Each structure stands twice: as structure tokens, then as C-alpha cells.
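Shown next, in C-alpha cells, is the structure this report addresses.
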There are 2 protein chains.
Amino acid sequence: MPNSTRNRASTGNSAKNSEKKTTVTPSPERRRELLSTAAEVFAAQGYNATTVRRIADEAGMLAGSLYYHFDSKESMVDEILSTFLNELWAGYDEVLGAGLGPRDTVEALVTESFREIDRHRAAVAIYQKESKHLSTQPRFRYLTESQGRFERAWLGALERGVAEGVFRADLDIRLAYRFLRDTVWVAASWYRPGGRHSPEEIARQYLSMVLDGITPREEQTRRDRTQRET
Amino acid sequence: MPNSTRNRASTGNSAKNSEKKTTVTPSPERRRELLSTAAEVFAAQGYNATTVRRIADEAGMLAGSLYYHFDSKESMVDEILSTFLNELWAGYDEVLGAGLGPRDTVEALVTESFREIDRHRAAVAIYQKESKHLSTQPRFRYLTESQGRFERAWLGALERGVAEGVFRADLDIRLAYRFLRDTVWVAASWYRPGGRHSPEEIARQYLSMVLDGITPREEQTRRDRTQRET
DNA sequence: TAACCTACCAAACACTTGTTAGGGAACCCG
DNA sequence: CGGGTTCCCTAACAAGTGTTTGGTAGGTTA
């Protein structure tokens with residue numbers, strides 16, 4: 001594995017820089033197609049349990065043919081996860097740069113997260129299951145970095161919220177952060193695009209539970225009681 | 001894999017029943033020790049990514065020696081998960097049979113869950129990551145069944161709660177169920193026994209967020225405002 | 001037509017995987 | 001002492017793994 005002889009330079013190109021680019025140039029559209037099916041299989045079976053033969057099978061070709069488009073199985077997850085995280089942070093940065101208040105920030109982040117789950121369900125599922133032990137490899141260091149940005153963004157919003165009195169003062173901030181983070185992302189394990197609820201609808205419900213709890217508030221109690229008496 | 005010849009019957013026992021019991025009898029304590037380290041590795045690396053050589057290494061022995069105690073890698077996860085689920089349901093059944101009201105039931109289930117996480121952190125982590133694709137195999141059908149009991153228990157408590165007015169009437173019950181279930185069990189991914197918070201303490205915080213939300217309620221707002229003005 | 005490029009196949013290679021077979025050291029029991 | 005049991009090691013096997021190599025059908029270009 002470490003000393004895999006770099007080949008495919010048989011046409012005798014410039015021998016100076018050992019660029020990763022192969023001499024052939026697969027079409028980016030086909031790459032995306034294959035990555036999409038690969039992501040689906042990874043998400044369903046788990047990364048390690050998925051054989052490249054299975055991916056090829058799902059794509060209607062043989063195992064070796066995948067290596068015309070990608071240079072390793074690892075590169076596939078890498079590309080799946082990194083493109084997902086790039087799009088995710090594009091959305092997040094927009095929210096974080098909008099100068100919203102803490103509560104609006106939290107709401108916007110949650111909503112944006114569910115939109116990303118809607119768009120990248122498979123990638124999110126992979127991220128959840130595999131990021132922990134993938135991030136130990138230097139190649140996937142960006143996973144750890146992303147997690148750090150994630151934490152700072154959420155913790156910041158929560159802290160400001162507590163300071164401004166829009167969030168409860170008796171919250172354990174770090175616990176609340178993990179609570180929010182987890183509740184949002186685990187949805188990828190059961191969410192199916194095109195189902196009964198739109199991402200925005202699910203976000204609304206989640207926010208309602210997280211912000212106000214599942215027990216009735218004063219006003220709601222009064223209103224419900226009135227309704228029940230009629 | 002399908003036609004692995006059943007051996008180890010060379011001593012010529014009664015040839016009638018093909019019992020799984022081997023002729024040798026490893027000590028149950030040693031089994032538990034090995035299962036504990038195996039669970040730790042499974043939880044950290046994932047089941048498929050974990051080699052039996054790695055487990056043996058962690059246990060200070062060689063790969064083949066594990067097969068004196070267990071007859072397959074699959075048997076190890078099986079035993080880890082089933083003993084965990086047995087203990088879990090012992091606790092759950094006690095709660096469910098206590099005749100509590102819906103809210104007390106939910107509180108007791110959550111608290112019990114965190115106690116189980118405290119005791120079986122590794123097993124819970126494995127259950128989360130692997131149960132989905134393990135449950136497709138007939139050997140692990142009990143995982144699916146357990147999930148069904150799980151769902152009925154939670155949904156029942158939630159429905160009764162809504163009917164009695166102790167939970168909000170506008171809840172999407174199934175969404176709330178998944179919300180509760182996930183928020184509780186994902187804690188196993190970051191929880192470390194012996195940390196700052198006891199299981200009961202974490203359960204209290206979680207319940208506080210789930211039941212009352214993270215925004216201040218009327219009374220709290222008033223009290224906090226008073227405190228801040230002093 | 002000839003040269004070339006894209007996208008795949010067929011077949012293998014090197015390695016890792018779970019698992020097995022036989023043996024042997026330490027210990028208990030008679 | 002001698003037989004038996006417990007627990008592990010050494011050494012291998014067969015299947016499966018990711019990956020590479022060379023080839024080739026079909027389309028495009030000149």
C-alpha cells in the first residue's frame with residue numbers, strides 16, 4: 001500500500017512533477033453519476049463493508065473499470081465527503097454572516113441543515129458513520145477541522161443567546177450543543193427525500209420541540225383546555 | 001461461508017444432535033473479558049473495519065486463540081448486542097410495568113437509557129452503527145424485534161401523554177418519537193463513564209431540554225430578570 | 001483511411017481477511 | 001506419577017479484498 005508504484009506514465013510525459021492527474025481525462029458528469037451510486041451504497045452498507053465490486057455492479061460495470069474514473073476507493077469517499085462539506089459550509093457561512101440574532105441564527109442553521117440533508121442524504125449518513133475513524137487519517141483532516149468550525153458556530157450562537165436572555169440561563173452549553181447537533185444530523189438516518197414532510201416542515205417541527213419543549217406552554221395549555229371543553 | 005464443515009467432533013461423540021456446544025468449555029469470566037475488549041474495538045473502529053487480529057492484539061493474544069472462546073467474529077457481536085439488549089429490556093420492562101403516567105414514564109425511560117449507556121457504552125455505540133445492516137441477517141432478527149418493542153413503548157407513552165394533555169397536542173408523534181429516541185442514544189458516541197456528569201445528571205439536563213425547550217418559560221424569564229436586576 | 005480518445009472489459013496480482021488444525025505449556029485431580 | 005483439562009501458539013488455508021495491466025469496441029477528428 002505505501003509503495004504502490006505510480007504507473008500509467010508509460011507514454012513518457014514530462015517526468016518532473018509527479019502530478020496525480022492521469023494521462024486520461026474522464027468526463028466529470030460520469031464521475032458524478034458514479035459517485036452518486038457509490039455514496040448510496042456506502043450509506044446503506046457502510047464504507048468498509050462495501051466492496052468496489054458491489055459499487056461497480058450497481059453501476060453496471062466491472063470493478064476494475066472504476067479505476068478509470070477514480071484512483072482508489074478512498075478517493076471516492078473523500079470526494080463525496082469534501083464536496084458535501086463544501087456545499088454545507090457555503091450555506092452555513094451565508095447564515096453566519098447575515099448578522100442575525102442568536103435565536104434566528106439557530107433557527108436558520110437548523111433549517112439549512114435539513115436542506116442539506118435533503119440534498120446530500122447519503123453523504124450525511126456516511127459522514128455520521130465514518131467520519132470518526134476516517135478523521136484519524138491525515139487525508140481526512142478536513143473532517144476534524146470542519147467539526148471544529150461547526151462547534152464554534154453553534155457554541156457561539158448559544159452563548160450569545162444565553163447572554164441576551166433568549167436562551168435559558170441554566171443550560172449546560174456544551175450539552176445543549178451536542179443535543180442540537182445530534183438531533184439535527186441523525187435525521188439523515190431515517191429521512192427520505194420526497195416523503196411526507198419537506199425539509200422546512202421537519203425543521204419547523206424540530207425547532208418547535210427544541211425551543212419550546214414537548215410539554216404545553218402556559219398559553220397553549222389554556223388554549224387547548226378551552227378547545228377540549230367545547 | 002455457507003458450507004463451512006462443522007468440525008471439532010473428532011472425538012466421536014454422539015452423532016445425533018449437531019449441537020453448537022464445542023467439546024471444550026472455556027470459562028465464562030474470560031469470555032466476558034474478551035467480549036469487553038472486543039466491544040471496545042468494535043465501537044471505536046466499526047465492526048467491519050475491525051479485524052479479529054486487532055481484537056486478539058488488544059487482548060494480548062493471537063488471532064487464532066480467540067476461536068477457543070468463540071466460534072466466529074459474528075458470534076462476538078451477537079453476544080455483545082444480545083446481552084446488552086437483555087439487560088436493557090429488563091430495565092425498560094420494570095419501568096413500563098410500574099403503571100406510571102405518560103410524563104413519568106418518559107422521564108423514567110430516558111433516565112434508564114442513560115444508565116444503560118453508562119453501563120454498556122460500547123455496546124450501545126455498536127448497536128447504533130451496525131444494527132441497521134446487521135438486522136438484515138436472520139441471525140440478528142432480534143434487533144428488528146427490539147426496535148419494534150422500542151417504538152411501541154415510546155409511541156404509547158407519547159400518545160397517552162397527548163391524550164391526557166401533558167404533552168403538546170400539535171406534536172407529530174412519530175417525529176417526536178424519533179427525536180426522543182435519537183437524542184438519547186447518540187449520547188453514547190460522546191459519553192465517557194466517569195466524566196463530569198453522572199448518567200442521572202445528563203438525563204436531567206436532557207429531559208429539561210426535551211420537556212421544556214431551550215428558551216426560557218414565563219416563570220423562569222421573570223425569575224431570571226429579577227436576578228439580573230439585583 | 002489512419003490516428004486518437006473515451007470508457008469499458010478480462011484477467012490477473014498481492015495482500016488481507018476470517019478461520020482451522022495440531023501441538024504444547026501450565027495446572028488440577030486421582 | 002500420569003491423565004485430563006484449560007488456554008494459548010504456530011502455521012497454514014481458502015476466500016475475498018483493492019488494485020493494476022493490457023487490450024479493445026466505438027466514436028470523433030483529420
Side-chain angles (χ1 to χ4, degrees), chain A residues 1-13 20-35 37-38 41-42 45-78 134 137 139, chain B residues 1-13 20-35 37-38 41-42 45-78 134 137 139:
Chain A
M1 218 182 348
N3 49 0
S4 69
T5 55
R6 274 260 160 261
N7 34 24
R8 225 186 286 218
S10 54
T11 37
N13 277 358
K20 265 182 178 163
K21 260 302 187 197
T22 56
T23 61
V24 295
T25 51
S27 90
E29 303 108 45
R30 187 63 175 134
R31 282 178 68 92
R32 271 192 291 275
E33 280 183 34
L34 293 173
L35 279 181
T37 76
V41 185
F42 283 149
Q45 322 247 21
Y47 172 68
N48 285 282
T50 300
T51 78
V52 1
R53 278 169 179 79
R54 179 72 208 284
I55 299 176
D57 216 56
E58 212 78 20
M61 48 196 251
L62 291 185
S65 307
L66 283 174
Y67 289 78
Y68 171 72
H69 301 274
F70 313 97
D71 55 314
S72 74
K73 179 186 174 186
E74 212 179 63
S75 300
M76 299 189 208
V77 240
D78 193 347
L134 280 184
Q137 300 176 247
R139 171 173 199 167
Chain B
M1 208 164 17
N3 50 359
S4 68
T5 55
R6 276 260 158 261
N7 33 26
R8 227 187 283 218
S10 54
T11 37
N13 278 358
K20 263 181 178 164
K21 259 308 188 193
T22 56
T23 61
V24 294
T25 50
S27 90
E29 302 109 43
R30 186 65 174 132
R31 280 178 70 92
R32 271 193 291 276
E33 279 183 33
L34 293 174
L35 278 181
T37 76
V41 185
F42 282 150
Q45 323 246 21
Y47 172 68
N48 285 283
T50 299
T51 78
V52 6
R53 279 169 178 80
R54 180 71 208 284
I55 299 176
D57 217 55
E58 212 78 19
M61 50 196 252
L62 290 185
S65 308
L66 282 174
Y67 288 79
Y68 171 73
H69 300 275
F70 312 98
D71 55 315
S72 74
K73 178 187 174 186
E74 213 179 62
S75 300
M76 298 188 209
V77 238
D78 193 347
L134 280 183
Q137 300 175 245
R139 171 173 198 167

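As the structure is a computational prediction, the values presented were derived from the model and not from experiment. Naming convention: chains lettered A, B, ... in sequence-line order (proteins, then strands); numbering from 1 in each chain.
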- Would you confirm whether A/R54, through its side chain, and A/V41, through its main-chain N or O, come within 3.5 Å as a donor-acceptor pair? no
- Query: Rounding to a whole Å, what distance do you find between B/Y67:OH and C/dG18:P?
  - Reply: 6 Å
- Do A/E33 and A/R30 sit within salt-bridge range, that is, some charged N less than 4.0 Å from a carboxylate O? yes
- Item | B/I55 side chain near B/F42 side chain, heavy-atom distance below 4.5 Å | yes
- Would you indicate what B/S75 reaches in the nucleic acid, counting non-hydrogen atoms under 4.0 angstrom: base, sugar-phosphate, or nothing? nothing
- All stems with DNA chain D, defined as three or more consecutive Watson-Crick or G-U pairs under 3.5 Å: C:1-27 with D:4-30
Quick test: give all pairs of protein nitrogen or oxygen and nucleotides 7-9 of chain C nitrogen or oxygen below 3.5 Å, distance rounded to 0.1 Å.
from: C/dA7; atom 1: OP2; to: A/S27; atom 2: N; distance (Å): 3.1
from: C/dA7; atom 1: OP2; to: A/Y68; atom 2: OH; distance (Å): 3.4
from: C/dC8; atom 1: OP1; to: A/R30; atom 2: NE; distance (Å): 3.3
from: C/dC8; atom 1: OP1; to: A/R30; atom 2: NH2; distance (Å): 3.2
from: C/dC8; atom 1: OP2; to: A/H69; atom 2: NE2; distance (Å): 2.7
from: C/dC9; atom 1: OP2; to: A/L62; atom 2: N; distance (Å): 2.7
from: C/dC9; atom 1: OP2; to: A/S65; atom 2: OG; distance (Å): 2.8

- Item | Six-ring centre of A/Y47, A/K73 cation under 6.0 angstrom, axis tolerance 45° | yes
- Matching residue for B/L34 among B/E58, B/M61, B/M76 - test: side-chain contact (heavy atoms from CB on, under 4.5 Å): B/M61
- How long is the line joining NZ of B/K73 and C1' of D/dA15, in whole Å? 14 Å
- Could you give the CG-to-P distance, from B/L66 to C/dT20, as a whole number of Å? 12 Å
- Task: Determine whether any donor atom in the side chain of A/R53 lies under 3.5 Å from an acceptor atom in the base of D/dG16, or the reverse, and answer yes or no.
- Result: no
- Query: If every non-hydrogen atom of B/Q45 is compared with every non-hydrogen atom of B/T50, which pair is closest and at what distance?
  - Reply: CB-OG1, 3.4 Å
- Item | Donor-acceptor contact below 3.5 Å, side chain B/R31 vs main chain B/H69 | yes
- Item | Spacing between B/I55 atom CD1 and C/dT19 atom P, to the nearest angstrom | 10 Å
- Query: Using a distance-only test with no angle check, is there a side-chain donor-acceptor pair under 3.5 angstrom linking A/R32 and A/S27?
  - Reply: no
